[in-house]
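First the structure, in the form of structure tokens, and then the observations on it.
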Amino acid sequence: MASRVRKLHDFGQAPWLDFVDRRFLKEGGLQRLVEEDGVTGVTSNPSIFEKAIAHGDAYDAQLLALLQSRPGTSITQAYEALAVQDIQDAADTLQPVYERLNGTDGYVSLEVSPYLAESTEETVAEAQRLWRQIDRPNLMIKVPGTQAGVPAIRQLIEDGININVTLLFGQQSYAAVAMAFVEGLEARLAQGQPIDRIASVASFFVSRIDAAIDRKIAERLKSADAEAEALTGLRGQVAIANAKLAYQWYLGFVASERWQALAERGAMPQRLLWASTGTKDPSYPDTLYVDNLIGPETVNTLPPKTMDAFRDHGTLAPSLTAEVESARRILREVDRLGLDLPAVADELVRDGVKQFADAADALLGAVAAKRSAIVGDGLNSMHEALPRELDEAVEARLERMRQESWSRRLWAGDATLWTGGEEAKWLGWLAAGKGEQIDPEALKALGAQAAQYRSAVLLGMGGSSLGPEVLAEIVGPRSGSPMIHVLDTTDPKQIAAVAAAIDPEHTLFIVASKSGSTMEPELLRAYFWNLAGQDGSRFIAITDPGSRLAKIAHDHGYAGVFLGDPTIGGRYSVLSVFGMVPAAVMGMDVAEFFARVAPMVQSCAPDAPPAVNPGVRLGAILGEAANRGRDKVTVLTSPALRAFGAWLEQLLAESTGKQGRGIVPVDLEPPVPPAHYGSDRLFVLLSLSGDDHARLDAHADALVTAGQPVVRIALSSKEMIGQEFFRWEIATAVAGAVIGIDPFDQPDVEDAKIRTRVLIDAYEATGSLAPETPFFEDGRVAFFGPADRGHSGDNAVQILRTHLARPGPGDYVGFLLYVERNPANEALVARMRERVVKARHVATVAGFGPRFLHSTGQAYKGGPRSGVFLEITRTPDPDVPILGRKASFGTVQLAQARGDLDVLASRGQRVLRAHLQSASLSDLEELLDEALRN
Ligand SMILES: O=P(O)(O)OC[C@H]1O[C@](O)(CO)[C@@H](O)[C@@H]1O
Ligand SMILES: O=C[C@H](O)[C@H](O)COP(=O)(O)O
């Protein structure tokens with residue numbers, strides 16, 4: 001006996017299957033339905049593919065093969081490759097049907113990306129691309145019947161592409177779509193193109209209408225509506241009535257002269273297709289939306305469950321044209337009762353687009369997760385353990401980000417993600433992450449040339465020095481390549497130490513400054529220019545086009561000038577020439593380096609939904625933590641990655657620390673037992689496989705047990721540090737959006753520079769710095785501070801005690817040292833920090849001046865006003881003169897310290913400056929120790 005499903009054909013209706021799945025196709029499921037049930041078509045949508053691909057392993061083998069053969073494949077491309085294969089398989093299964101029915105049936109539908117529903121042009125382009133790629137005559141591309149979709153449908157029909165119009169709910173949009181179909185065909189005819197093989201269906205959604213109307217009715221019934229009985233009578237009636245009237249419109253339409261003219265030229269009608277025919281309300285019969293919509297020249301696409309039910313107990317009768325008057329009456333009732341069907345239809349279109357976009361997000365998320373599993377340790381891992389409240393806030397934020405398409409908007413340069421200001425002009429680092437800002441061949445040649453030098457000295461500040469320093473310290477020069485010294489200071493001892501360590505004859509000097517006008521690299525450039533005998537052949541410059549440095553490099557005959565991208569701010573520049581030129585000098589294979597970075601860039605791509613996008617996810621954590629007072633991002637690393645924090649500090653602080661908000665990075669603070677930490681921290685651990693990180697792990701475990709939020713990041717090799725540059729750049733940009741600031745400006749840095757300049761200019765004029773009076777001195781140490789800040793005490797210990805008693809919960813203590821940055825001084829300040837943390841239970845930061853001025857300085861001045869700073873200065877001895885100037889490097893450094901203090905004080909931060917007279921730094925450490933003892 002013929003199957004009941006097959007018998008639908010007797011009524012002129014084509015049964016299609018609303019389902020696709022790899023295993024089902026491979027096991028011959030579709031073939032069986034074609035043979036046994038007379039199925040003559042297949043529809044898919046993003047939800048169907050989400051169910052197929054995201055759950056189970058049927059697609060994993062193809063995915064693995066794809067990613068192995070083309071590692072650069074994006075998750076959208078990967079999904080598409082999987083879907084395309086299924087659609088081609090289904091089309092091939094239906095090919096005999098298509099042939100037998102002479103192109104009137106036998107179609108398989110694939111939907112364009114739901115993300116494009118508002119863009120006509122992009123929908124057209126994607127439909128054309130999929131059409132070419134799938135390359136089957138019995139393919140239909142599904143395009144939503146939205147406002148933007150209608151002109152796309154017209155265009156695509158004109159192009160000769162079969163179209164399944166999806167998401168139709170209302171009579172009006174159906175009519176618009178039918179006209180678009182006609183116009184497309186007419187346009188073809190006008191061009192002399194054939195129209196007899198252009199197939200189209202208009203997918204009228206059914207069950208979703210009842211679901212929406214029934215919900216409205218239920219709401220009304222809750223409030224004891226006077227029309228309760230009439231409303232109840234409409235439950236489960238409206239969708240079918242709506243569909244029946246759509247069919248009546250169709251009948252009128254195909255009878256029209258306009259259509260008949262096309263029909264005479266061989267045009268096939270655009271059939272109405274009943275979609276969404278699986279019953280949503282279990283109290284309704286499971287074949288409701290099949291039994292009642294049977295009629296000629298139509299299609300019903302049935303989900304497997306509905307098809308099984310219909311096969312089993314469906315009712316075959318020509319129902320579509322029955323009781324049309326009753327359908328009209330029902331819709332009049334809907335109108336009378338104010339249920340507003342057109343509004344419901346509009347809302348269902350919006351919901352439908354969103355629902356498919358949600359499904360696409362889930363699908364892409366699942367593909368991304370599968371890809372991460374395949375990439376394995378080729379992608380640095382990240383795991384977070386967050387206290388419940390923060391965890392919930394992060395998850396809620398990620399969901400909001402998903403709904404608001406943050407990953408896509410970030411890459412698209414949508415400034416409204418931030419403050420709607422200048423942000424879009426500063427996104428060149430995204431392309432730089434893909435290696436697009438450098439010329440690998442030129443860098444290879446540079447690496448070969450650089451091998452002749454014993455050492456290299458890089459002169460730069462902030463973003464121009466910290467990236468190279470991290471690369472030098474973590475990855476290090478290859479054997480045969482020069483040893484690299486990074487100088488980002490005006491400290492005379494530090495400058496002298498580098499000058500003494502090199503042989504200028506065998507040294508390559510790299511002057512790095514985006515602006516080309518930063519004071520420190522300019523002074524250092526002049527100093528080493530003379531030291532190197534003014535021989536330009538041993539100098540190269542890295543700078544932005546048209547800068548003063550570019551001109552000097554040209555005039556001085558530099559061996560090379562590497563130009564940066566002006567749309568990249570300094571702190572985001574490490575993956576541009578600013579990091580990669582020094583890397584090449586160190587003998588790194590830059591192309592190989594970027595090949596390692598690539599999996600992170602792909603994982604952070606615009607199509608990677610926030611929850612599985614490692615950069616966006618981290619950004620959500622950083623931003624939510626900061627907004628909840630956990631604004632001290634405490635960086636802990638395994639030994640080999642120790643240097644990373646210096647780069648990260650600048651990125652986080654300078655990007656987010658403004659308008660009294662932002663993140664205060666805490667780097668190189670010695671770990672202490674969890675009891676000493678407040679509730680203002682977020683801990684980030686970076687560990688390198690094979691490095692000694694057992695203690696670090698134990699510390700992290702203890703922190704988690706104590707309820708502290710911990711993010712753990714693991715690298716499989718030190719070369720993988722490149723991935724962290726990119727992850728953190730994305731994370732910082734995203735955190736900036738969560739915090740609500742522009743992460744690409746640095747509004748408070750300039751002030752300290754101005755104050756310094758005033759002091760130095762005065763020095764050049766008078767030969768001395770403007771006098772200043774300490775509020776206390778004892779010959780060992782002199783103290784300076786704003787008079788109005790209540791500094792008091794009869795001796796150094798008391799003064800320090802008073803100052804260090806200032807921080808309360810959530811505050812932080814900053815040590816700002818204008819002394820040589822060397823291992824001994826670093827160790828000393830680390831000890832001082834440890835004492836403060838233990839005694840005061842607050843976070844501590846430390847910076848060596850003027851280096852930190854171009855890095856964390858922005859956050860200390862513009863960020864949260866929770867800092868308590870101890871600035872430490874001394875009169876440098878021996879000093880280093882600057883040729884052609886009265887001021888020495890030491891004088892400049894002191895002027896910088898004074899300028900810094902002034903600005904910090906003017907911003908309401910609590911500041912004290914200890915100027916070492918006869919006391920050494922160790923002496924100060926003892927005083928501090930005493931001051932912290934009760
Ligand atoms: O590369 P440049 O222009 O010399 O700037 C160095 C650093 O100084 C700053 O502008 C801060 O003063 C940083 O943003 C930057 O990385
Ligand atoms: O083309 C088919 C439609 O996408 C499908 O029928 C929608 O069904 P649903 O409303 O059950 O999601």
Side-chain angles (χ1 to χ4, degrees), residues 16-20 41-51 107-111 114 140 142 144 164-169 201-212 239 273-280 289 299-303 305-306 348 351-352 355-356 359 426 459-468 488 511-522 524-525 541-544 547-549 564 566 568-574 576-578 647 650-651 653-655 744-754 756 850-858 861 896:
W16 285 12
L17 178 70
D18 199 11
F19 179 71
V20 172
V42 167
T43 49
S44 67
N45 64 35
S47 309
I48 289 173
F49 271 115
E50 193 273 326
K51 284 193 192 86
Y107 290 90
V108 179
S109 302
L110 175 67
E111 192 151 343
M140 277 189 181
K142 273 177 107 173
N164 174 343
V165 184
T166 186
L167 290 178
L168 290 173
F169 297 92
V201 290
S203 292
F204 216 84
F205 278 49
V206 192
S207 72
R208 292 190 195 188
I209 292 192
D210 273 348
L273 175 150
W274 310 127
S276 188
T277 54
T279 308
K280 302 287 183 292
Y289 302 110
V299 181
N300 194 324
T301 191
L302 293 90
K305 226 170 107 190
T306 310
L348 283 170
D351 271 10
Q355 205 170 307
F356 285 152
W426 292 103
L459 312 170
M461 297 303 287
S464 299
S465 63
L466 295 168
D488 52 358
V511 191
S513 171
K514 280 198 135 276
S515 61
S517 58
T518 301
M519 179 179 69
E520 295 88 341
E522 171 49 21
L524 292 167
R525 180 200 62 75
I542 315 171
T543 189
D544 280 359
S547 78
R548 188 167 165 267
L549 174 58
I568 304 177
R571 54 189 178 271
Y572 291 86
S573 69
V574 63
S576 75
V577 281
F578 283 88
W647 173 84
Q650 183 196 10
L651 182 71
E654 206 174 46
S655 302
F744 307 115
D745 67 1
Q746 50 284 329
D748 301 281
V749 171
E750 199 50 33
D751 291 6
K753 289 187 189 169
I754 293 169
T756 302
R851 164 184 161 110
F852 78 87
L853 292 178
H854 297 269
S855 153
T856 48
Q858 166 62 38
K861 297 178 184 71
Q896 290 180 305

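We count ligands from 1, going down the list as the structure has it; atoms in each ligand are counted the same way.
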| note | atom 16 (O) of ligand 1 sits nearest the protein heavy atom Gly463 N, 2.8 Å

| query | Counting both backbone and side chain atoms, is some N or O of Asp18 under 3.5 Å from an N or O of ligand 2? | reply | yes

| task | Would you confirm whether Thr166, through its side chain, and Pro144, through its main-chain N or O, come within 3.5 Å as a donor-acceptor pair? | result | no

| field | Backbone or side-chain N or O of Pro521 under 3.5 Å from ligand 1 N or O | value | no

| said: Please report whether ligand 2 has a polar contact with Ser276, defined as an N or O pair separated by less than 3.5 Å (distance criterion only). | reply: yes

| task | Would you mind listing which atoms of ligand 1 come within a distance below 4.0 Å of any non-hydrogen atom of Gly462? | result | 16 (O)

| query | Any sub-3.5 Å donor-acceptor pair from Asp18's side-chain atoms to Asn45's backbone N or O? | reply | no

| Does Asp210 use its side chain to pair, donor to acceptor, with the backbone of Ala239 at less than 3.5 Å? | yes

| request: Give the atoms of ligand 1, by number and element, whose distance to some non-hydrogen atom of Lys514 is under 4.0 Å. | output: 1 (O), 2 (P), 3 (O), 4 (O)

| message | Contact between Glu522 and Leu549 at the side-chain level, heavy atoms closer than 4.5 Å - yes or no? | response | no

| Distance from atom 10 (O) of ligand 1 to nearest protein heavy atom, with residue and atom | Lys753 NZ, 4.0 Å

| request: For Asn164 and Leu273, work out which heavy atoms get closest and say how close. | output: ND2-CD1, 4.4 Å

| Under 3.5 Å: N/O of Lys142 near N/O of ligand 2 | yes

| Looking only at N/O atoms, are Lys280 and ligand 2 under 3.5 Å apart anywhere? | yes

| For atom 11 (C) of ligand 1, what's the nearest protein heavy atom and its distance? | Glu654 OE2, 3.3 Å

| said: Can a side-chain donor-acceptor contact be found between Thr518 and Ser515 if the only test is distance below 3.5 angstrom? | reply: yes

| field | For Arg208, atoms of ligand 2 separated by under 4.0 Å from a heavy atom | value | 7 (C), 9 (P), 10 (O), 12 (O)

| query | Does an N or O anywhere in Arg571 fall below 3.5 Å from an N or O of ligand 1? | reply | no

| remark: min-distance protein heavy atom vs atom 7 (C) of ligand 2 -> Phe205 CE2, 3.6 Å

| field | Distance from atom 8 (O) of ligand 1 to nearest protein heavy atom, with residue and atom | value | His854 ND1, 3.0 Å

| request: May I ask you to list the atoms of ligand 1 that are less than 4.0 angstrom from any heavy atom of Val749? | output: 11 (C), 12 (O)

| task | Looking only at non-hydrogen atoms, find the nearest pair between Phe578 and Ile542 and report the distance. | result | CE2-O, 3.4 Å

| note | atom 6 (C) of ligand 1 sits nearest the protein heavy atom Met461 O, 3.2 Å

| Check: Gly278 main-chain N/O paired with Ser207 side-chain donor or acceptor under 3.5 Å | yes

| field | Top protein contact for atom 2 (P) of ligand 1, by heavy-atom distance | value | Thr518 OG1, 3.3 Å

| field | Ligand-side contact atoms (ligand 1) for residue partner Ser515, heavy atom cut-off under 4.0 Å | value | 2 (P), 3 (O), 4 (O)

| said: Under a 3.5 Å distance rule, please check whether Gln650 uses its side chain to pair with a backbone N or O of Gly463 as donor and acceptor. | reply: yes

| Within reach of ligand 1, part of Gln650 (heavy-atom separation under 4.0 Å) | side chain

| task | For the pair Gln858 (side chain) and Val749 (backbone), establish whether a donor and an acceptor sit closer than 3.5 Å, ignoring hydrogens and angles. | result | yes

| field | Residue Asn45 vicinity, atoms of ligand 2 by number, heavy atom under 4.0 Å | value | 3 (C), 4 (O), 5 (C), 7 (C)

| N/O donor-acceptor pair under 3.5 Å between Lys142 side chain and Ser44 backbone | yes

| field | Donor-acceptor pair, side chain of Thr543 and main chain of Ser513, under 3.5 angstrom | value | yes

